[in-house]
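For reference, the structure is listed below as structure tokens.
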Amino acid sequence: MTQEQTEILIIGAGPAGAVAAGLLRKQGRQVLILEREQFPRFSIGESLLPQSMEYIEAAGMLQAVVEAGFQYKNGAAFACGEQHTEFDFRDKYSPGWGTTYQVQRGRFDQVLATQAARLGAQVRFRHEVLDVDVARQRPSVQVRDQDGHTYGVAADFLLDASGFGRVLPRLLGLEYPSTFPPRSAIFTHVQDNIPVGAHFDRQKILITVHPQHGDVWYWTIPFSDGRCSQGVVARTEFLAQYPGSDMDRLQALVGQAPGLRSLLARSAWDTPARCITGYSANVTSLWGKGFALLGNAGEFLDPVFSSGVTIAFKSASLAAVCLQRQAEGAPVDWESDYARPLQAGVDTFRVFVQSWYAGGFQKVIFHEKSNPEVRRMISSILAGYAWDMNNPYVAESRRRLAVLEGLCSV
């Protein structure tokens, strides 16, 4: 079996891997990306957060993303029965980008991977990592290519950006059960045919709460081509009550939300539905000797606030900084310099996700007499700025949100 050498080996050409590659190529590092699938390929996580744009720009990929023609996004709308509220991400507490895009992930991921290659990373599609050895001085992997041939690659450092594939957590026994109860997402793309003039802003993701079950919610993500991503999220046992195909179950549940049912009344459900079950995941450690886990390979919370891609980009940025310091001979503590800073923002999102499902955060966002400044602080977190410690709802997220829930429950 042949053995190749590289400086940085990245598993996965999705958003985390591509942006990490772009940042590392800007440092002049040799980068090899191994991707199991052939792009473009389907993936969920289609509504980006404005914080993501900072990392796309830093990686040298902004122009390509802007020119791709994706749907402009400036906020999020929430609906529950007769209640409706909107957050404009341009009106937020934290400095930085206030707009972003809603993207068909197959095409978006391909744009980023293409830019990684343009910047000098070597990208190999349909090359699957079969095994890994991190016990030696340099980590190495065993790979199978599209023709069934196997070869090895040794690297100075290994980044796992394999997303839900979670290559290193599986191979190294790092997987750890999530604290969230098992939930499933059923989703599809539709030709939405939403009439002009309908109460629907295509520049915002729409989150609809089930009228009887507060922990069941729907996403409606409009694209620039007149189509939408439509999905529902609920506990796995709740969805199991509904018979038929995934499409039957999705349409039945959309029919239970009057506002959403009306909005999609003319839609053409022309794409088979898919289901992802038990997607929330965690690991015992985000790093180890010669490797680090990026994005969903490390932890995935929940899709409700579209935080997944932002967390992936943040992890890529932090890892790239650590690797640059290592290359310069500076000491790097991957726990304090990578894992803890990354986890700080993830934990902020976690507080709001937990509150959403418990019902408290829903009371907050639908409250009729919200404080404008507090609302701007919350808007910042919904826009992805979960690492801004100047924001009181980041610095003390659990305590502050608990107080706010109490005030909004009176």
Side-chain angles (χ1 to χ4, degrees), residues 1-25 29-39 41 43 45 59 105 109-110 112-117 119-136 138-146 149-175 281 283-300 308-309 311-320 322-323 334 338-339 342:
M1 184 175 67
T2 59
Q3 184 80 4
E4 301 181 19
Q5 309 288 328
T6 190
E7 266 194 276
I8 311 296
L9 176 61
I10 300 176
I11 305 174
V19 165
L23 295 169
L24 291 165
R25 284 300 302 149
R29 313 299 293 277
Q30 180 189 22
V31 178
L32 170 62
I33 302 178
L34 301 175
E35 168 58 52
R36 181 182 62 183
E37 299 184 44
Q38 180 64 53
F39 281 19
R41 53 87 176 94
S43 181
R105 277 288 303 280
D109 291 7
Q110 186 174 33
L112 295 188
T114 298
Q115 292 307 299
L119 291 165
Q122 185 178 166
V123 185
R124 297 177 186 170
F125 294 104
R126 296 179 62 195
H127 284 238
E128 181 179 7
V129 172
L130 304 175
D131 200 4
V132 61
D133 183 353
V134 295
R136 301 179 185 180
R138 302 178 79 222
S140 63
V141 299
Q142 181 181 337
V143 187
R144 180 172 58 214
D145 67 17
Q146 67 269 30
H149 301 136
T150 59
Y151 63 96
V153 182
D156 293 340
F157 205 87
L158 177 59
L159 296 175
D160 185 353
S162 59
F164 291 120
R166 302 170 63 79
V167 172
L168 291 191
R170 286 189 296 103
L171 295 177
L172 298 177
L174 301 175
E175 292 181 302
V283 290
T284 55
S285 178
L286 290 170
W287 65 279
K289 180 178 176 291
F291 73 89
L293 309 179
L294 306 185
N296 294 348
E299 179 170 7
F300 183 76
V309 174
I311 293 170
F313 286 156
K314 179 68 174 181
S315 67
S317 176
L318 288 169
C322 289
L323 288 170
W334 280 85
Y338 174 73
L342 178 60

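A donor-acceptor pair is defined here as one N or O able to donate and one able to accept, closer than 3.5 Å; such a pair exists between the side chain of Arg170 and the backbone of Gly165. With hydrogens and angles disregarded, a donor-acceptor distance shorter than 3.5 Å links the side chain of Thr114 to the backbone of Gln110.
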Criterion side-chain contact (heavy atoms from CB on, under 4.5 Å) on Leu9 and Leu32, from CA distance to verdict: CA-CA 5 Å; Leu9 176 61; Leu32 170 62; 3.8 Å; yes
Ile311 and Leu342: CA distance, side-chain angles, deciding distance, side-chain contact (heavy atoms from CB on, under 4.5 Å) verdict: CA-CA 8 Å; Ile311 293 170; Leu342 178 60; 4.2 Å; yes
Check against side-chain contact (heavy atoms from CB on, under 4.5 Å), Leu24 and Leu159: CA-CA 11 Å; Leu24 291 165; Leu159 296 175; 4.0 Å; yes
side-chain contact (heavy atoms from CB on, under 4.5 Å) between Leu293 and Leu174, worked out: CA-CA 10 Å; Leu293 309 179; Leu174 301 175; 4.2 Å; yes
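Of all heavy-atom pairs between Ala117 and Val123, the closest is CB-CG2, 4.1 Å. Taking all atoms of both residues into account, the shortest heavy-atom contact from Ser43 to Asp109 is CB-OD2, 4.4 Å. Heavy-atom minimum distance, Gly295 versus Ser315: N-OG, 2.9 Å. The nearest pair of heavy atoms linking Gln30 to Gln5 is NE2-O, 4.0 Å.
The shortest distance between side-chain heavy atoms of Phe291 and Val132 does not fall below 4.5 Å. Proximity of Arg105 to Val309: side-chain heavy atoms (C-beta onward) are separated by under 4.5 Å at one or more points. Counting heavy atoms from C-beta outward, Val19 and Ser317 have side chains that stay 4.5 Å or more apart. By the 4.5 Å heavy-atom criterion applied to side chains, Leu323 and Glu7 are not counted as neighbours. For the pair Ser162 and Arg36, the minimum side-chain heavy-atom distance is 4.5 Å or more. Within the 4.5 Å cutoff, the side chain of Val134 has no heavy atoms near those of the Leu168 side chain.
Looking only at atom types and distance, the side chain of His127 has a donor-acceptor partner in the side chain of Gln146 under 3.5 Å away.
Classification of the Phe157-Trp334 ring pair by plane angle, with boundaries at 30° and 60°, yields parallel.
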